Amino acid sequence: MSAGGTTAPSTSARLRRLPRRFYRRDPRVVAPELLHKVLVHRRRAGRIVEVEAYCGGEDPASHTFRGPTPRNVTMFGPPGGLYVYFTYGLHWCANAVCGEEGQGVAVLIRALAPLRGVDLMRADRPAARADRDLCSGPAKLCQALGLDGTFDGADLVRADHGVTICDDGAGPPEVIANGLRIGLSVAGDRPWRWWAGGDPNVSRLR
DNA sequence: ACCGGGATGTTCT
DNA sequence: GAACATCCCGGTG
């Protein structure tokens, strides 16, 4: 198989942006459906192979659990927004806002299989030894795609700043795996992580 | 391969 | 002052 492993390669089918109604649902429904869709920033793109759902007021691990703050306003905004937050003093992570406006629910994008603009990804991620290291983590993929805090609040449906999520007709993964979320000190018991089974670009186990 | 620790600074208690 | 939806590097086996 190609360097993308079990991941479906880029197709010649036209890329179609996901409509607002796709996001306007429970993040636990949206998350697995986002697998094998394509996250695009201008010339760079990757196929989504790992996601996690964050569920607002019922989820102690969600940034919105305790209500609105200056940081999380985007997550309380309309579905289809891009919520980008800063963590551990150096890293950015990106989410697709879901549900209804005011709910504060979203899907964290945790890993991509690189599809386009790999030359630019390598330039922005000198630490990556192999291509599977380019986007195999939520902060890695933001670095690889050139996403940071200036993209917080961008509308994926309108492709603000050239950022959007598309369906390229690849279809869902052959195997959709499901398990516990990663890196949490609370609510680590909720099985709200999904990934493309067998894909080498999924973030490393811990 | 696996494991441990340091980097680095915003956010909220 | 502590926590943090992480990553990288250098140690050891």
Side-chain angles (χ1 to χ4, degrees), chain A residues 5 23 26-32 34-35 39 46 48-77 79 81-99 103-114 121-154 156 163 165 177-196 198 200-206:
Chain A
Y23 302 99
D26 190 289
R28 289 158 292 195
V29 173
V30 175
L34 275 173
L35 294 175
L39 177 61
I48 297 171
V49 296
E50 183 185 0
V51 292
E52 284 176 357
Y54 287 85
C55 301
E58 66 171 280
D59 180 5
S62 175
H63 288 172
T64 53
F65 181 65
R66 296 172 196 283
T69 67
R71 168 169 77 162
N72 65 23
V73 287
T74 296
M75 232 179 118
F76 281 108
L82 186 69
Y83 171 49
V84 183
Y85 69 89
F86 188 63
T87 192
Y88 288 102
L90 29 163
H91 299 303
W92 299 98
C93 297
N95 302 251
V97 177
C98 295
Q103 268 196 304
V105 297
V107 172
L108 172 68
I109 308 197
R110 286 196 57 89
L112 309 174
M121 294 185 188
R122 291 197 191 105
D124 276 350
R125 276 192 51 67
R129 308 192 71 252
D131 283 357
R132 82 176 66 82
D133 303 321
L134 288 172
C135 302
S136 54
K140 295 179 187 179
L141 71 91
C142 282
Q143 203 179 350
L145 263 65
L147 300 177
D148 61 22
T150 65
F151 291 81
D152 182 43
L156 295 166
V163 192
I165 300 178
N178 169 237
L180 301 179
R181 295 181 292 182
I182 291 184
L184 304 183
S185 63
V186 293
D189 57 331
R190 289 153 170 83
W192 293 342
R193 170 176 175 248
W194 291 264
W195 66 96
N201 299 282
V202 171
S203 67
R204 295 294 160 226
L205 300 177
R206 44 161 291 161

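Letters A, B, ... mirror the listed sequences (proteins, then strands); counts begin at 1. In this text the structure is predicted, and so the values were computed from the model without any measurement.
- In this entry the distance linking CZ of A/F65 with C1' of C/dC4 reads 17 Å, nearest Å.
- For A/A127, taking side-chain heavy atoms from C-beta onward, the closest of the listed nucleotides B/dT11, C/dC8, C/dC4 is C/dC8.
- Annotation: of the two residues near DNA chain C, A/S185 and A/A139, the 5′-most nearest-nucleotide partner is A/S185.
- Residue A/T69 has no polar side-chain atom (N or O) positioned under 4.0 Å from OP1 or OP2 of B/dT11.
- Looking at heavy-atom distances under 4.0 Å, A/R110 makes contact with sugar-phosphate atoms alone, never a base.
- Of the candidate nucleotides C/dC8, B/dA7, C/dC4, B/dA7 has the atom lying nearest to any side-chain atom of A/L90.
- Considering only side-chain atoms of A/K140, the nucleotide from C/dC7, B/dT13, C/dA5 that sits closest is C/dC7.
- When atom types are taken as modelled, the side chain of A/D124 and the backbone of A/G146 share no donor-acceptor pair closer than 3.5 angstrom.
- When only modelled atom types and interatomic distance are considered, A/D152 and A/T74 share a side-chain donor-acceptor pair under 3.5 Å.
- The partner of C/dA5 cannot be assigned: no Watson-Crick or G-U wobble pair with both contacts below 3.5 Å exists in any strand.
- Of the charged side-chain nitrogens involved, none lies within less than 4.0 Å of a carboxylate oxygen, so that A/D59 and A/R28 do not count as a salt-bridged pair.
- Here C/dC4 is the nucleotide among B/dC12, C/dC4, C/dC8 with the atom lying nearest to any side-chain atom of A/T87.
- A donor-acceptor contact under 3.5 Å is formed by the side chain of A/Y85 with the base of C/dA5.
- Here A/Y88 does not count as stacked on C/dC7, because the ring centres are not under 5.5 angstrom apart with planes under 30°.
- With contacts defined as side-chain heavy-atom distances shorter than 4.5 Å, the pair A/V105/A/V30 does not qualify.
- Where A/Y54 and A/R125 meet DNA chain C, the nucleotide closest to each residue was compared, and A/Y54 sits on the side nearer the 5' end.
- Listed candidates were B/dT13, C/dC8, C/dA5. Nearest to the side chain of A/L184 is C/dA5.
- Comparing atom distances between the A/F86 side chain and each of B/dT10, C/dA5, B/dC12 picks out B/dT10 as nearest.
- Using a 4.0 Å heavy-atom distance criterion, A/A61 is classed as a base contact.
- Taking the six-membered ring for Trp and thresholds of 30 and 60 degrees, A/H63 and A/Y85 have ring planes more than 60 degrees apart, a perpendicular arrangement.
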